[in-house]
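Sequence lines set the chain letters: A, B, ... in the order given, protein chains first and strands last, and positions in each chain run from 1. Please read all numbers here as calculations on a predicted model, not as lab measurements.
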Amino acid sequence: METNIPKHYDPSRENEIYTRWLERGYFRASVNPEKKPYTIMIPPPNVTDKLHVGHAFNNTIQDALIRAKRMQGYEALWVPGTDHAAIATEVQVVKALAKEEINKKDLGREAFLKRVWEWKDLYGGTIISQLKKMGISCDWDRERFTMDEGLSAAVLETFERLYNEGKIYRGERLVNWCVTCQTTISDSEIEHEDGEGTLYHFKYPKSDGSGYIAFATTRPETMLGDTAIAVHPEDERYADDFGTGLIVPLFGESPRKIPLIKDAYVDPEYGTGAVKITPAHDPNDFEVGERHNLPRINIMNDDGTINKNGGKYAGLTREEARNQIIEDMDAQGLFIKKEKITHAKGAHDRCHKVVEPLIKLQWFLRMDELSKPALEAYTSGKLKFHRERYGRIYKHWLEIVRDWCISRQIWWGHRIPAYYCPSGHVTVSKTAPSACTACGSTELTQDEDTLDTWFSSGIWPFSTLGWPDKTPELEYFYPTNVLVTAQEIIFNWVVRMTFMGLKFMGDIPFTDVLIHGTVLDAHGKKMSKSVGNGIDPLEVVEKYGADVLRLAFLNGTAIENDTRFHWERVEFCRNFMNKLWNAARFVLMNATGALQGSLPVSPPLHLPIEDKWILSRVNGLICEVTEKFDSHDLGMATQKIVDFIWDEFCDWYVEIVKPRLRNEETKPQAIGILVRVLTTCLKLLHPVTPFITEDLYLALKPDEETIVRSSWPVYDPALADPAAEKALDNIKEAVRGVRNIRADKQVPPAQKITLIIQPHDRDASELYSQAKAYLASLCNASEAEIRPFDAEPSTVEGAISLVVPGALLYLPLASLIDTEKERARMEKERKRLTQELERIDAKLSNEGYMAKAPANLIAAERGKRGDFAAMLAKVENEIRNAAEE
RNA sequence: GGGAGCAUAGCUCAGUUGGGAGAGCGCAUGCCUUACAAGCAUGAUGCCGUUGGUUCAAGUCCAUCUGUUCCCACCA
């Protein structure tokens, strides 16, 4: 037969197909009262860099879900966009500027922001084009950016409302401060490394002169800010020391008196079990201080020198102060010793100087009231996590949630809409105010700080639909259906979206949260730029096509678990694409000219049993796959389709119908079934591999416009046919038995033999007679001879006999028979069947089992017992016959 | 330190309310059978991490231990 379809699958047409989809607007969604909405908001990728393999995985999942829903008749909206990623992007741009030896401060705020916008345009654009190359079906007309005009307005609106309600306030908070660069730095800019350090041991005298309490510190200069000594509540050693205070003996005439407090934070096993508490210069101490209402004494200027709170040490650098304090303590006999230790040090990744925790005034969002409905949404079951275990992470975090520090000392982001007059009044307004609301002063300066990047991400599910305006989109598409993301941002993002949604929309932003795992490298390590073990998803797309990459992500994986990236897996997926391609090619080669219109869709009643079988199987597949999609189990859904196509459709059904295709009379109906089953498979697979399925669908259905908006296959109870499935199982078992013997006896494929089948009842006779033609071709036999079932059973001289379901099968292979081996084979079969029967009998005679096991299970076991018993009888009969000869 | 996973064939992994252990790769053997060698057929391989418990029945549920990974926080 002739065909111009290439022999191998070639993904190079993907771009062309995608362009066509865009031109025809298949991904657009709009308010449509005729349909139910299904909405996904993309987790906006950061414009810090191009896409990595994690994004590719994340978006493949979303695309599969949205494509399935679109086919199922929903108005499926997937809103795309990108995130400004405040600190992360700023850090990237600062790094890039450093290469040009440009300092951010020298450049100035405005010029710096211009550079960041250029960065954003570059990477934002790259990200979008990469998503498109992956076949992502977002509604691109609705693309948003967290700092575009509309979203920025929504952010300011949110801030103003929360401030007016008293939920946003200013308060002190420790930040990481770099004294060299004179700036706060984020946790992600701190490099932790173990370094040599010195641990100094001191003692503070008790204020009543009755003794001392010893402690140790690596930073003696912070003693100037000490406001307590803490011990573990159950530490007996200090039980008698309460009631009197301690003296910080560094302030000459006016020594500072501080309390001894109990706090479980202290590890009694470590050192003396007593810890100095410096709330203004240590994160842990800050928290201890909060619990005990300790004063916070800031002792340091922004340049790292000691300030006026340091008494006589004021003006010294931190190193100078440290040395002086050791000297002074020693002079008073309060210095015990010093020792070398290794400990973790935090340094700024730019200048490598030690980071100093300092207290700064920050903006906070009060969480107590906001968190309650968010927690309630989960505990009431309204907000569902997949897997459920991720919900526990969400719950746990909300239970221990603290107020959220929303200000950042960086330039890239939404500038805080707070304005200060010279008298220090604060005016908060989403639009720049002309005068101070308190005193009317017109000399207003805006807060220098910007908002935490998650503040804008938190309102993403509704800001993208036009909020604060009451748009029809908001009304129709909100709340969205599913959020697909990774577990590391459950706190940062999922929680924030939930309470923001509840607060401003009065409803949760999504009903289902699908948490997926991380894509690791082949050795199970996290991919990272510095290690250089990353896989570029676009490289895979270039080489194999987007379909293959997507399939590799989903086929057979449990998406909620971490998964390793293996090229072998990619190859397998490529091979499957090729298999599918060739299956369609085979159908098309046979169907030339016959595709349109005339394909008979007979009532299943009159179809041959193999057609009933495949239709029943594909029907069952529809049911399973739809169910798996609904429960977000994409890995299993995909695997079911792949297995069905390769195993049942290609390896069995196609081989079964080949004889019918050679006969012009039986051919059209066979083609009809082939096209029908294959089309169904293409639809089911389309959400996972959109390109190849579109290509083949259009080839098989020339009248159709696209598979993207075709209808999802529907389960049809009338096609379910357990009897046909059982019948074909039996045929398959018989075929496998023959093939096994042929392989075992090393019968050359060229040697065709006749199959002789002796059915043992009418049903079996009918089945094998119907299957006669393909039974022979599947077994590579010249012909299958079916003996009358009611004839007297007689052995066939010089033939190997084989017990198959409902029949005895003879293979005339006289020259190849080894009597001893045959006997052994039969004995082995007898043993196997006997063991099966024993196992079943053990169960059926177990009183507990009979009393408590479900009835259908018992019935099934009984059924199997009957089958095994019949086969055993045949085998034993064969063994007897052989012995008689 | 707080939280959460994972442990099943040589390798990578599935295994849905408990009901006779699966796939891919790899391996062995034979095939270019007129869709596909990116293929077809056949085959071998498992005390389902340890110990105990619940149950008629445990890879599956509970507890324990061992190993391992991740998230958050941190070592005065």
Side-chain angles (χ1 to χ4, degrees), chain A residues 1 3 5 7-9 187 192 199 215-219 222 230 265-267 270-272 274-278 282-285 288 341 343-344 387 389-390 392-393 396-397 400 486-491 517-518 520 522 524-526 555-558 560-566 568-569 571-590 627-628 631 633 635-636 639 642-643 647 650-651 654-655 658 662 735-736 739-744 746-750 777-778 780 836 839-840 843 846-854 856-858 860-861 864:
Chain A
M1 270 182 224
T3 173
I5 305 170
K7 194 170 164 184
H8 282 166
Y9 160 66
D187 291 344
H192 290 278
L199 187 62
F215 59 90
T217 178
T218 53
R219 297 190 298 159
T222 62
Y265 149 72
V266 180
D267 175 5
Y270 191 94
T272 63
V275 182
K276 67 192 273 302
I277 302 298
T278 323
D282 181 278
N284 282 320
D285 294 5
V288 174
I341 57 161
H343 66 139
R387 299 284 184 108
R389 66 177 187 246
Y390 292 116
R392 294 202 292 273
I393 295 177
H396 177 74
W397 197 81
I400 60 167
Q487 75 149 309
E488 68 251 28
I489 53 177
I490 290 177
F491 313 133
T518 311
L520 307 168
K525 297 285 172 223
K526 230 178 158 168
N555 185 33
T557 60
E560 70 274 14
N561 292 341
D562 290 353
T563 169
R564 300 185 191 196
F565 186 93
H566 284 280
E568 291 86 347
R569 193 189 197 100
E571 297 242 336
F572 169 77
C573 292
R574 191 268 315 261
N575 292 353
F576 173 71
M577 290 289 93
N578 192 51
K579 187 74 185 176
L580 177 61
W581 181 262
N582 274 289
R585 180 163 163 257
F586 174 77
V587 174
L588 290 165
M589 282 164 68
N590 280 285
E627 213 175 275
K628 296 297 175 196
S631 59
D633 191 354
M636 193 52 84
Q639 189 171 40
V642 168
D643 286 352
D647 183 34
C650 291
D651 288 349
V654 167
E655 295 304 322
K658 271 180 179 173
R662 294 189 197 107
V735 170
R736 282 200 201 96
R739 283 170 173 175
N740 180 323
I741 287 179
R742 287 193 63 128
D744 190 46
Q746 301 192 339
V747 181
S777 70
L778 290 174
N780 199 17
E836 293 285 8
R839 187 187 57 75
I840 293 175
K843 266 193 178 180
N846 180 329
E847 280 178 31
Y849 179 82
M850 296 305 286
K852 295 187 177 175
N856 61 338
L857 200 69
I858 294 173
E861 291 290 331
K864 276 190 263 179

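The phosphate of B:A14 (OP1 or OP2) has no side-chain N or O of A:K628 nearer than 4.0 angstrom.
Taking the P atom of each, B:G22 and B:G46 are spaced 13 Å apart, rounded to whole Å. Atom name C1', nucleotides B:C65 and B:G52: the rounded distance is 11 Å, in whole Å. Here, B:C48 and B:A21 have their C1' atoms 8 Å apart, quoted to the whole Å. Taking the C1' atom of each, B:A41 and B:G5 are spaced 41 Å apart, rounded to whole Å. Nucleotides B:G26 and B:G18 place their P atoms 36 Å apart, quoted to the nearest Å. Spacing of P atoms, B:A44 relative to B:A23, comes out at 12 Å, to the nearest Å. Taking the P atoms as reference points, B:U8 lies 6 Å from B:G49, given to the whole Å. Using P as the reference atom, B:U60 and B:A9 are 15 Å apart when rounded to the nearest Å.
Residue A:F586 contributes atom CZ, which lies 15 Å from atom P of B:U33 at whole-angstrom precision. What separates OH of A:Y849 from P of B:U55 is a distance of 18 Å, to the nearest Å. In this entry the distance linking CZ of A:F491 with C1' of B:G2 reads 10 Å, nearest Å. Distance, A:Q487 CD to B:C70 P: 11 Å, rounded to whole Å. Atoms CZ (A:R742) and C1' (B:U33) sit 11 Å apart, rounded to a whole Å. Whole-Å rounding puts the A:I489 CD1 to B:C71 C1' distance at 13 Å. Between the CD atom of A:E488 and the P atom of B:A73 there is a distance of 12 Å, rounded to whole Å. In this entry the distance linking CG of A:N555 with P of B:A14 reads 12 Å, nearest Å.
Aromatic ring pairs are classed by plane angle as parallel below 30°, tilted from 30° to 60° and perpendicular above 60°; the pair A:W397 and A:F491 is parallel.
The shortest non-hydrogen separation linking A:T563 to A:T557 is OG1-CG2, 4.2 Å. Taking all atoms of both residues into account, the shortest heavy-atom contact from A:Y9 to A:N578 is N-OD1, 3.0 Å. Closest approach of A:Q639 to A:N555, counting heavy atoms only: CA-OD1, 3.1 Å. Taking both residues in full, the closest heavy atoms of A:R739 and A:L778 are given as NE-O, 3.2 Å, listed atom of the first, atom of the second, then distance.
Of the candidates B:U34, B:A4, B:A35, the closest approach to any side-chain atom of A:M589 belongs to B:A35.
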Report task. Between protein and nucleotides 5-13 of chain B, map the contacts as a letter string: B base, S sugar-phosphate only, - none, heavy atoms under 4.0 Å, written 5' to 3'. Result -> S------SS

Report task. Encode nucleotides 36-41 of chain B as B, S and - characters from 5' to 3', where the letter depends on protein heavy atoms closer than 4.0 Å: B to the base, S only to sugar-phosphate, - to neither. Result -> BSBSSS

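To the nearest 0.5 angstrom, A:I840 atom CD1 is 6.0 Å from A:K864 atom NZ. To the nearest 0.5 Å, the span separating CG on A:L520 from CG on A:N561 amounts to 10.5 Å. How far CD1 of A:I5 is from CG of A:N582: 9.5 Å, rounded to the nearest 0.5 Å.
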Report summary line: Base-pair string, RNA chain B, Watson-Crick plus G-U, cut-off 3.5 Å on both distances, | for inter-strand, is (((((((..((((.....[..)))).(((((.......))))).....(.(((..]....))).))))))))....

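Shown here is A:E861, whose CD atom has more than 12 heavy atoms of other residues, nucleotides or ligands within 6.0 Å.
Map A:E861 and A:L199 each onto its nearest nucleotide of RNA chain B; the residue landing nearer the 5' end is A:E861. Between A:V654 and A:I840, the one whose closest nucleotide on RNA chain B sits nearer the 5' end is A:I840.
Backbone-only contact: A:K526 has heavy atoms under 4.0 Å from sugar-phosphate atoms and none from a base. Using a 4.0 Å heavy-atom criterion, one finds that A:P748 contacts no nucleic acid atom at all.
Panel note: side chain A:Y390, backbone A:E560; a donor-acceptor pair is recorded below 3.5 Å.
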